Engineer: 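Before we start, here is the structure in question, set down as structure tokens.
Bear in mind that the values here come from a model prediction, so they are computed numbers and not experimental data.
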Amino acid sequence: MSVLDKFEKGVEGAVNGVFNKFGSKDLQPVDLSSALEKEIDAQAMPVGRDRTVAPNEYRFALSTPDFDHIEKWGAEALANELAANLTKYAKSQNYAFVGPVVVVFEEDYDLQRGNFRLSSESVQGNAAPVTSKSETKDCPVLEINGRQYMLTAPETLVGRGSDCDIIIDDPGVSRHHLTISITPQGVIMKEVLNSKGQPPVNGTYVEGHRVPAATLLDGNTITIGRTRILYWASSETQA
């Protein structure tokens, strides 16, 4: 269950996921999520009549006790959930991003326990979440677990690792599982080989067939682990 599934904005606790591992005196994930929403509202900037761009990279400076506590209970999982929650909020506000939404935790020795600082910026990336029908650049789209990502660069890395352009929280997905490349010959999916030259353990399936690479067609289904990925050739009909 998602660590953020059990709260609405303004709720001060939850009973499932990571929440119940935080003591009452510790910095709460709900505080971080609330801060993210305030930050995105403050920094979102209109760039046209129908387009408002918001920062996509957010950095929390935390005190040493809070940083250690979050690291202990799963910083990467919490960061991914906060990013997913913020993307949903951005969609409700019709904000657009120039790259994937990323939340980063950093240690600040000068901060006292329970205090934090939040900074944000727009960083061009390879896969911007689709949050508005007014996105201006037409490009291919991947749909994963109900979320859509515009493929805005020649190559997009998909996998479980935190350094991927699109991160999939699925134990059956390799850290670096596949790439999606936009080429003159078409949009090509290709598995990423590990350091020993071996493909992902659980393989990659396109339309039910296990393949190491494939040229994608509009509406194709890619399956990795337990995750299904839908490929759309144009964002104009999917945003």
Engineer: Taking side chain as C-beta onward, heavy atoms only, is M45 less than 4.5 Å from V53?
Structural biologist: no
Engineer: Is there a donor-acceptor pair under 3.5 Å between the side chain of D165 and the backbone N or O of A127?
Structural biologist: no
Engineer: For a side chain to side chain contact (heavy atoms under 4.5 Å, CB included) check, start with the C-alpha distance between V103 and E81, then their side-chain angles and the critical distance, and finish with the verdict.
Structural biologist: CA-CA 9 Å; V103 175; E81 289 295 340; over 6 Å; no
Engineer: Going from NZ on K91 to CD on Q148, what distance comes out if it is rounded to the nearest 0.5 angstrom?
Structural biologist: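 Taking NZ in K91 and CD in Q148, the distance rounds to 6.0 Å.
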Engineer: Please check: side-chain N/O of T87 versus main-chain N/O of A83, any donor-acceptor pairing under 3.5 Å?
Structural biologist: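 At least one qualifying donor-acceptor pair exists.
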Engineer: Closest approach of E207 and N220, non-hydrogen atoms and distance?
Structural biologist: OE2-CA, 3.1 Å
Engineer: Quick check for you: to the nearest 0.5 Å, what is the distance between T223 atom OG1 and H209 atom NE2?
Structural biologist: 11.5 Å
Engineer: Report yes if the side chains of L142 and Y231 come closer than 4.5 Å at any heavy-atom pair, otherwise no.
Structural biologist: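 Yes. Closest side-chain heavy atoms under 4.5 Å.
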Engineer: So, E39 and S120: side-chain donor and acceptor under 3.5 Å apart, yes or no?
Structural biologist: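 Yes - a donor-acceptor pair under 3.5 Å links their side chains.
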Engineer: Where do I182 and A153 come nearest, in terms of heavy atoms and distance?
Structural biologist: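 Shortest heavy-atom contact: CD1-O, 3.6 Å.
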Engineer: With rounding to the nearest 0.5 angstrom, report the CD1 to NZ distance, I180 to K190.
Structural biologist: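 Answer for the CD1-NZ pair, I180 versus K190, is 12.5 Å.
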Engineer: Donor-acceptor pair, D170 side chain versus R226 backbone, under 3.5 Å?
Structural biologist: yes
Engineer: State the CD1-CG distance between I70 and L78, to the nearest 0.5 angstrom.
Structural biologist: 5.5 Å
Engineer: Do M189 and Y149 belong together in a cluster built from hydrophobic side chains that touch within less than 4.5 Å?
Structural biologist: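 Linked, M189 and Y149 end up in one cluster.
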Engineer: Would you find a donor on one side and an acceptor on the other, under 3.5 Å apart, between the side chain of T152 and the backbone of G125?
Structural biologist: yes
Engineer: Quick check: is F105 connected to L118 through a chain of hydrophobic side chains (ILVMFWY, heavy atoms under 4.5 Å apart)?
Structural biologist: yes
Engineer: Can you hop from L32 to V102 via hydrophobic side chains spaced under 4.5 Å?
Structural biologist: no
Engineer: Please determine whether residues V187 and V211 belong to a single hydrophobic cluster, defined as Ile, Leu, Val, Met, Phe, Trp and Tyr linked transitively by side-chain heavy-atom distances below 4.5 Å.
Structural biologist: yes
Engineer: To the nearest 0.5 Å, tell me how far K88 NZ sits from R147 CZ.
Structural biologist: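 So the NZ of K88 and the CZ of R147 are separated by 8.0 Å.
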Engineer: What is the distance from atom CZ of R210 to atom CD of E191, rounded to the nearest 0.5 Å?
Structural biologist: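 The CZ atom of R210 sits 6.5 Å away from the CD atom of E191.
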Engineer: Could you go through N85 and E37, starting from their C-alpha distance and side-chain angles, then the distance that decides it, and tell me whether this counts as side chain to side chain contact (heavy atoms under 4.5 Å, CB included)?
Structural biologist: CA-CA 9 Å; N85 191 66; E37 291 185 8; 4.0 Å; yes
Engineer: Any donor and acceptor pair, going by atom type alone, linking the side chain of D66 with main-chain N or O of R113 inside 3.5 Å?
Structural biologist: no
Engineer: Please examine the side chains of L36 and V101, heavy atoms only from C-beta on, and report whether any two atoms are closer than 4.5 Å.
Structural biologist: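 No - every pair of side-chain heavy atoms lies 4.5 Å or more apart.
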Engineer: Identify the heavy atoms of L111 and F116 that sit nearest to each other, and give their distance.
Structural biologist: CD1-CA, 3.9 Å
Engineer: Heavy-atom distance under 4.5 Å between the side chains of H176 and L157, does that happen here?
Structural biologist: yes
Engineer: I'd like to know whether CZ of R117 has more than 12 heavy-atom contacts from other residues, nucleotides or ligands below 6.0 angstrom.
Structural biologist: no
Engineer: Please report the shortest heavy-atom distance between A54 and S122, naming the atom on each side.
Structural biologist: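 That would be O-OG, 3.6 Å.
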Engineer: Would you indicate whether the side-chain heavy atoms of L178 and I222 approach each other to under 4.5 Å?
Structural biologist: yes
Engineer: Measure the shortest side-chain to side-chain distance between Y89 and D41 over non-hydrogen atoms and say whether it is less than 4.5 angstrom.
Structural biologist: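 Yes - at least one pair of side-chain heavy atoms lies under 4.5 Å apart.
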Engineer: Establish whether F60 and I167 are linked, either directly or via other cluster members, by ILVMFWY side-chain heavy-atom contacts under 4.5 Å.
Structural biologist: no
Engineer: With side chains defined as the heavy atoms from C-beta onward, is the minimum distance between N56 and V98 less than 4.5 Å?
Structural biologist: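 With C-beta onward as the side chain, the pair touches.
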Engineer: Taking the side chain as C-beta and beyond, is there a heavy-atom pair between H177 and V158 under 4.5 Å?
Structural biologist: no
Engineer: For the residue pair V173 and I224, what are the closest heavy atoms and their distance?
Structural biologist: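 Looks like CG2-O, 3.7 Å.
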Engineer: If you look at every heavy atom in A44 and T52, which pair is closest and at what distance?
Structural biologist: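 Where A44 meets T52 most closely, the heavy atoms are CB-CG2, 3.8 Å.
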Engineer: Looking only at side chains, do Q112 and S63 share a donor and an acceptor under 3.5 Å apart?
Structural biologist: no
Engineer: Can any side-chain N or O of S181 pair as donor or acceptor with the backbone N or O of T183 at less than 3.5 Å?
Structural biologist: no
